[in-house]
K.L.:
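The structure under discussion is supplied below as structure tokens; questions concerning it will follow.
When a residue number appears, it is its place in the shown sequence, counting from 1.
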Amino acid sequence: GSQAVQDALAGWGRLSHDEAACRLDRIVVYHTAQAGHSSLLALSHLLQSHGIPGDAQALRQSLARLQLAYVLRKHEADYRFAIPLLQDQFEPSEVELLLHQELAVLARA
């Protein structure tokens with residue numbers, strides 16, 4: 001559970017020197033973990049539903065970083081984990097909580 005996620009976070013949760021960019025990366029990963037897959041459109045809706053402007057450019061950069069780091073892979077408009085095992089590292093209830101924490105911080109920013 002938690003320790004595995006924390007260890008993984010040390011890697012993919014810090015792909016940028018920009019705090020907001022890192023937060024967005026984590027939101028993308030948590031959302032992908034929660035839904036099993038993700039897309040630019042779904043992520044944009046998720047941000048907007050929390051009162052965060054869904055900046056498509058920032059989201060594209062985030063998805064690109066996560067692909068370069070082999071966290072996500074793209075298939076048509078869909079993003080999934082590059083390593084299916086990553087999906088199993090996430091406890092559903094934990095992901096829900098982490099996702100909401102990150103969204104809450106971004107919404108306040």
K.L.:
Do L99 and Q34 come within less than 4.5 Å of each other through their side chains, counting heavy atoms only?
P.N.:
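The answer is yes; the side chains approach within 4.5 Å.
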K.L.:
When rounded to the nearest 0.5 angstrom, what distance separates CG in L66 from CZ in R73?
P.N.:
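So the CG of L66 and the CZ of R73 are separated by 14.0 Å.
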K.L.:
Ignoring hydrogens, what is the shortest heavy-atom contact between S39 and A77? Give both atom names and the distance.
P.N.:
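Closest heavy-atom pair between S39 and A77: CB-O, 3.5 Å.
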K.L.:
Quick one, V29 and L86 - any side-chain contact, counting heavy atoms below 4.5 Å?
P.N.:
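SC-SC contact between V29 and L86 ruled out.
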K.L.:
Could you grab the distance from atom CD of E102 to atom SG of C22, nearest 0.5 Å is fine?
P.N.:
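Nearest 0.5 Å value for the CD-SG distance: 9.5 Å.
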K.L.:
Which atom names give the shortest non-hydrogen contact between P84 and A82, and what distance separates them?
P.N.:
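In terms of heavy atoms, the two residues are closest at CD-O, 3.6 Å.
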K.L.:
Is Q87 reaching over with its side chain to a backbone N or O of A33, donor-acceptor style, under 3.5 angstrom?
P.N.:
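Pair found, side chain donor or acceptor close to backbone of A33.
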K.L.:
Quick one: CZ on R60 to CZ on R65, what's the gap to the nearest 0.5 Å?
P.N.:
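Taking CZ in R60 and CZ in R65, the distance rounds to 13.5 Å.
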K.L.:
Can you measure from CG (L72) to CG (D78) and round to the nearest 0.5 angstrom?
P.N.:
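Rounded to the nearest 0.5 Å, the CG-CG separation comes to 10.5 Å.
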K.L.:
Can you find a pair of side-chain heavy atoms, one from E96 and one from E91, that are under 4.5 Å apart?
P.N.:
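They are not in side-chain contact.
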K.L.:
Indicate yes or no: at least one non-hydrogen side-chain atom of L47 is less than 4.5 angstrom from one of L59.
P.N.:
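When only atoms from C-beta onward are counted, L59 and L47 do touch, with a gap below 4.5 Å.
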K.L.:
In Å and rounded to the nearest 0.5 Å, what is the CG to CG distance from L24 to L63?
P.N.:
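Between atom CG of L24 and atom CG of L63 there are 8.0 Å.
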K.L.:
State the CG-CD distance between L43 and Q48, to the nearest 0.5 angstrom.
P.N.:
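Nearest 0.5 Å value for the CG-CD distance: 11.0 Å.
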K.L.:
Kindly say whether V28 contributes a backbone atom to a donor-acceptor pair with the side chain of T32 at under 3.5 angstrom?
P.N.:
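Pair found, side chain donor or acceptor close to backbone of V28.
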K.L.:
Where is the tightest heavy-atom contact between G36 and R80, given as atom of each residue plus distance?
P.N.:
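Closest approach of G36 to R80, heavy atoms only: O-NH1, 3.4 Å.
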